[in-house]
Every structure is written in C-alpha cells, then in structure tokens.
Amino acid sequence: MEKREGEGEGEEEQVVNPWTVSAKGGGKIDYDKLIDQFGCQRIDQSLVDRIHRLTSRSPHVFLRRGVFFAHRDLNEILDAYERGEKFYLYTGRGPSSEALHLGHLIPFMFTKYLQEAFKVPLVIQLTDDEKCMWKNLTVEESQRLARENAKDIIACGFDVTRTFIFSDFDYVGGAFYKNMVKVGKCVTYNKVVGIFGFTGEDHIGKVSFPPVQAVPSFPSSFPHLFGGQDNLRCLIPCAIDQDPYFRMTRDVAPRIGYQKPALIESSFFPAMQGETGKMSASDPNSAIYVTDSAKEIKNKINRYAFSGGQDSIEKHRELGANLEVDIPFKYLSFFLDDDAKLEEIRKEYGAGRMLTGEVKQLLIQVLTGLVERHCRARAAVTDEMVDAFMAVRPLPNMFN
C-alpha cells in the first residue's frame, strides 16, 4: 500500500529528501528501508523482462544492474502501453552549478533510453526558481545556469522533435499556473511541513515551491503539446530523493481530476570518498565533472576513489577486495556496459587476483571516454539549438 505524505518521515536513522541525503553515523543508505518508508515498490526481474519484451530493446544497463530499482505504478504504464495507449516522460534538473557531474547525468542517460525505446515525448523542467531560493543565487544567475545546464542535457542526445525543455522563470503561467493553484489549495501547511520538513526559519518561497515541481505531471500544464489529452499518463524517471514531491502529487492528482504520475526511481551515485550518500557539487573532489580533463579524472580516481582493497598486496591476494565498499568497482557497475567484463572483474577483484590499481586504471579509461564524448557533443550545442528545444511549439514527432 502506498504511504500517505509524511508517514514514516520522523525516523532519524536516515534522511532522504530533495535537499538532504544522509545515513545514521555517516553509513550507507538502506534502500530496502527507504522503499518501506516511502511506500514504493522494488523493480524485479519480471518487470525488466517485460520492458525488454514490449520495446524489443535490450534493457538499459541502469535497469539490468538495479541502478533504477524502485517504482510507483510502472506496471500500469506498461499495461496502458500494451493496450496501445501512449504516455509522456517528465524529468528535470535544478541548475545550481556551471557544469554537471556524473551523478547528474544518470537520469538523463536513462530518460534518453526510455524516450527512444517507447517513442514518447519528454518534458524537462529546469527549476531555476528553486535554486534561486535555496542556493541564494540571483534570478539572473539562476537563469544563466539553466541555459548552461540545458546544453549538457541536450548533449545527452535527446530528440528535438520529441523534447520540450523549459525554465520555470520563462514558462510558468497560464494553464501551468492554474494547475499550481489547484495543487496548492489541496495541500495544507501542516502536510507540506510533514513531507518536506520546513521550519519557521524557511522563507515562504520554499513552502510555495512544491506545486511548481508537481504540475508537469499533468498534461494540461502543456496545452501546446497535449491539448485535449488530459488523461495522458506521465512517467517520471528521477533519483529517489525526489520522491516526496511526487507522493504529494499522487495524493492530490485524483482530487483535481488527473491521473497519478508513475515513477521509476534510481539509487544515488556515490561520492568518490565512499558510499555515504550522493555526489555533491559543493565538494569538487567528491565528483567527476563533465568538464574534467583526462588528467583531472586520473588524479581524482587515483587519489580520492575509496578502495575496498586490502592494506598490502599479500593480504589482498589472500582476502580479495570488499566490493561492497569499493568505489572504483561501483563506478564501473554504472558505466561499464559489458556485463561479461564486469562479472569477470567482480570475480577476479573479489578473489584478490586483480589489484586495486588495475581496476582504477580501467575506470579511468571508461570515464575519460565518457567525459570526452560528452564534451564533444556539448561543444556542438549552439544557442540556437537551446532556443529550439525551449521554444513553446508543438512537437511534430511526438508519438512516431
């Protein structure tokens, strides 16, 4: 059964919300406990197999390896798709930094796969207003960062004929704002405090923000795209720290005449120093950025990537690496596409026949290639291309 907003959020063992991710004592996030606390469901192999069958495409590496591990109503989306009904995708980015790190790329890489596999339209929200309020940025700086981040998003390879990217500062109004007001009337102050943990020290801008992130879940917020298709379902790929927004949204949706959005949710991409939460843009050594040079990537991995290897070669040969805490192996499990190669590393490194330096060297090659490809793609993104993606216009190839 789906938990209602605020349930279970008084537990202090771990805190997971859109602004804070931390585990008790600086330990690992317990995702099983999080599923129970939030009331979502785990993605099992039968669901992965069903997506494979319906799309006739190999499931994305993030699905195969459980990076996207939880969902809400994904089966209902697939049921509708099997009946010939379409849906649309919605994801977003809070533009708080000049460049994205690898953790930021994960939802966009996965969303691109979903868009191509299901041949559906996509809306991408840039919450420049949110970051203006939370990060103490000026309106103008938030808007500038939104456009810069849009270039990184476009560089992931999205189809401009199926994709609408919008900045809240530019787009909010009209039908979108009407839906915000409808949502706002349904959520009490006590409830929003229970969901998000706002305090008396938070300014009212923060308290009023959640409807802004909620309403892209409703097709009527985009009349230029989905006019007259108010029953169109929405699927939201996101990290699980965004779940509180959409628990609120799912509670409100039927009360204002809309379908509940479905979610497919990912775990966090761990920081270089260990799996205690997620990468942080505020600590440059905790993350690999898409602007990092090959030399910077090599240096960060060799100096900062936490190893599960043993203290000496002799001990390592005897005991093997602890793969549960080894960051180089975990990063390879995200970005090394070759399942057979990853399994070979798992066995050899875990048994001590492969050394930490060898694993780090392979990771350096994989991430350097990934970042260099992204940099080339981003360099090709012009201001005119950004304008095209952000133009309020019908999408000519929405469901083809």
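Position 1 is the first residue of the sequence; numbering continues from there.
- A donor-acceptor pair shorter than 3.5 Å cannot be found between the side chains of His104 and Asn149.
- Residues Val290 and Arg378 have side chains not in contact (no heavy-atom distance under 4.5 Å, counting atoms from C-beta outward).
- In this structure, Tyr258 and Val252 have side chains that are not in contact, with every pair of non-hydrogen atoms separated by 4.5 Å or more.
- Side chain of Arg57 to backbone of Thr55: no donor-acceptor contact under 3.5 angstrom is found.
- Between Leu263 and Asp73 there is no side-chain heavy-atom pair separated by less than 4.5 Å.
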Worked verdict on Lys28 versus Glu324 for salt bridge (Lys or Arg N to Asp or Glu O under 4.0 Å): CA-CA 10 Å; Lys28 290 171 60 175; Glu324 287 298 309; 3.4 Å; yes

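- Side-chain atoms of Tyr349 and Asp326 form a donor-acceptor pair, as typed in the model, at a separation below 3.5 Å.
- In this structure, Phe198 has its ring center no closer than 6.0 Å to that of Tyr189.
- No side-chain donor-acceptor contact under 3.5 Å links Arg255 to the backbone of Val183.
- If you chain together hydrophobic residues whose side chains sit under 4.5 Å apart, Val212 and Phe169 never meet in one group.
- Cys234 SG to Lys260 NZ: the interatomic distance, rounded to the nearest 0.5 Å, is 14.5 Å.
- When atom types are taken as modelled, the side chain of Arg353 and the backbone of Glu348 share no donor-acceptor pair closer than 3.5 angstrom.
- With hydrogens and angles left out, the side-chain atoms of Ser220 and Asp230 include no donor and acceptor closer than 3.5 Å.
- Without hydrogens or angle criteria, Lys300 side chain to Ala287 main chain gives a donor-acceptor distance under 3.5 Å.
- Residues Phe166 and Val139 are members of separate hydrophobic clusters, defined by side-chain heavy-atom contacts under 4.5 angstrom among Ile, Leu, Val, Met, Phe, Trp and Tyr.
- A donor-acceptor distance shorter than 3.5 angstrom exists from the side chain of His316 to the backbone of Met354, with no hydrogens or angles considered.
- For the atom pair Ile236 CD1 and Leu89 CG, the distance stands at 10.0 Å (nearest 0.5 Å).
- Of the candidates Arg303, Lys295, Glu296, Asn299 forms a side chain to side chain contact (heavy atoms under 4.5 Å, CB included) with just one, namely Arg303.
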Kindly determine whether Ile29 and Ser267 satisfy side chain to side chain contact (heavy atoms under 4.5 Å, CB included), including the steps that lead there. CA-CA 9 Å; Ile29 297 296; Ser267 57; over 6 Å; no

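- Note on ring orientation: taking the six-membered ring where Trp is involved, the planes of Phe110 and Tyr113 are tilted (angle from 30° to 60°).
- Counting only heavy atoms from C-beta outward, the side chains of Arg346 and Glu343 approach each other to under 4.5 Å.
- Counting only N and O atoms by type, the side chains of Ser217 and Thr249 include no donor and acceptor under 3.5 Å apart.
- Remark: the backbone N or O of Ala80 is not paired with any side-chain donor or acceptor of Arg233 at under 3.5 angstrom.
- Looking at every heavy atom in both residues, Tyr31 comes nearest to Phe69 through CD2-CZ, 3.4 Å.
- Looking at Ile256 and Cys186, their side chains come closer than 4.5 Å, going by heavy atoms from C-beta outward.
- The CG atom of Asp152 lies 5.0 Å from the CG atom of Leu100; values are rounded to the nearest 0.5 Å.
- Ring planes of Tyr245 and Phe209: perpendicular class, angle over 60° (limits at 30 and 60°).
- Aromatic ring centroids of Phe87 and Phe118 lie under 6.0 Å apart.
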Audit row: Glu148, Lys151, salt bridge (Lys or Arg N to Asp or Glu O under 4.0 Å) steps and yes/no: CA-CA 5 Å; Glu148 289 303 307; Lys151 293 176 182 177; 3.5 Å; yes

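- Within the 4.5 Å cutoff, side-chain heavy atoms of Leu145 are placed close to those of Leu137.
- In this structure, the side chain of Thr368 does not engage the main chain of Gln365 through any donor-acceptor pair within 3.5 Å.
- Ring geometry for His224 versus Phe164: interplanar angle over 60°, hence perpendicular rather than tilted (30 to 60°).
- Of the options Phe268, Phe68, Phe269, a ring-ring contact (aromatic ring centres under 6.0 Å, His included) to Phe334 is made by Phe269 and by none of the others.
- Between Asn190 and Thr188, the side chains place no donor N or O within less than 3.5 Å of an acceptor N or O (distance only, hydrogens not considered).
- Side-chain N or O atoms of Ser286 include none that pairs as donor or acceptor with a backbone N or O of Ala271 at under 3.5 Å.
- Side chains of Ile288 and His101 form no contact here, defined as non-hydrogen atoms less than 4.5 Å apart.
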Output, in order, the C-alpha distance, side-chain angles, deciding distance and verdict of side-chain hydrogen bond (donor to acceptor under 3.5 Å, both in side chains) for Asp168 and Gln125. CA-CA 7 Å; Asp168 287 342; Gln125 180 181 43; 2.9 Å; yes

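- Between the side chains of Gln273 and Tyr304, not a single donor N or O lies within less than 3.5 Å of an accepting N or O.
- The side-chain heavy atoms of Lys341 and Leu362, taken from C-beta on, include a pair separated by under 4.5 Å.
- When every heavy atom of Asp30 is checked against every heavy atom of Gln14, the shortest pair comes out as N-OE1, 2.9 Å.
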Step-by-step side chain to side chain contact (heavy atoms under 4.5 Å, CB included) determination, Gln213 to Gln242: CA-CA 10 Å; Gln213 189 158 323; Gln242 300 299 304; 2.8 Å; yes

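- Shortest non-hydrogen contact noted between Lys360 and Ala305 is NZ-O, 3.3 Å.
- With values rounded to the nearest 0.5 angstrom, Ile165 atom CD1 is found 13.0 Å from Arg93 atom CZ.
- Just one residue in the list Ile106, Leu342, Val61 forms a side chain to side chain contact (heavy atoms under 4.5 Å, CB included) with Phe335, and that residue is Ile106.
- Of the possible donor and acceptor atoms, none in the side chain of Gln115 sits under 3.5 Å from a partner among the backbone N and O of Lys112.
- One side chain, Ser167 or Asp128, offers a donor N or O that lies under 3.5 Å from an acceptor on the other.
- The minimum heavy-atom distance linking Pro261 with Arg250 is given by the pair O-NH1, 2.7 Å.
- Taking the six-membered ring for Trp and thresholds of 30 and 60 degrees, Phe62 and His60 have ring planes inclined between 30 and 60 degrees apart.
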Kindly indicate, with the supporting measurements, whether the criterion side chain to side chain contact (heavy atoms under 4.5 Å, CB included) is fulfilled by His71 and Cys40. CA-CA 6 Å; His71 75 97; Cys40 44; over 6 Å; no

For Glu82 and Arg53, run salt bridge (Lys or Arg N to Asp or Glu O under 4.0 Å): C-alpha distance rounded to whole Å, both residues' side-chain angles, the deciding distance at 0.1 Å, then the answer. CA-CA 10 Å; Glu82 205 158 14; Arg53 178 175 57 82; 3.0 Å; yes

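- Without hydrogens or angle criteria, Thr127 side chain to Asp129 main chain gives no donor-acceptor distance under 3.5 Å.
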Assess whether salt bridge (Lys or Arg N to Asp or Glu O under 4.0 Å) is satisfied between Asp79 and Arg83, documenting all intermediate values. CA-CA 6 Å; Asp79 289 344; Arg83 293 193 299 266; 5.3 Å; no

Please assess Arg317 against Leu355 for the test side chain to side chain contact (heavy atoms under 4.5 Å, CB included), listing each intermediate value before the final yes or no. CA-CA 8 Å; Arg317 295 292 191 200; Leu355 299 177; 3.9 Å; yes

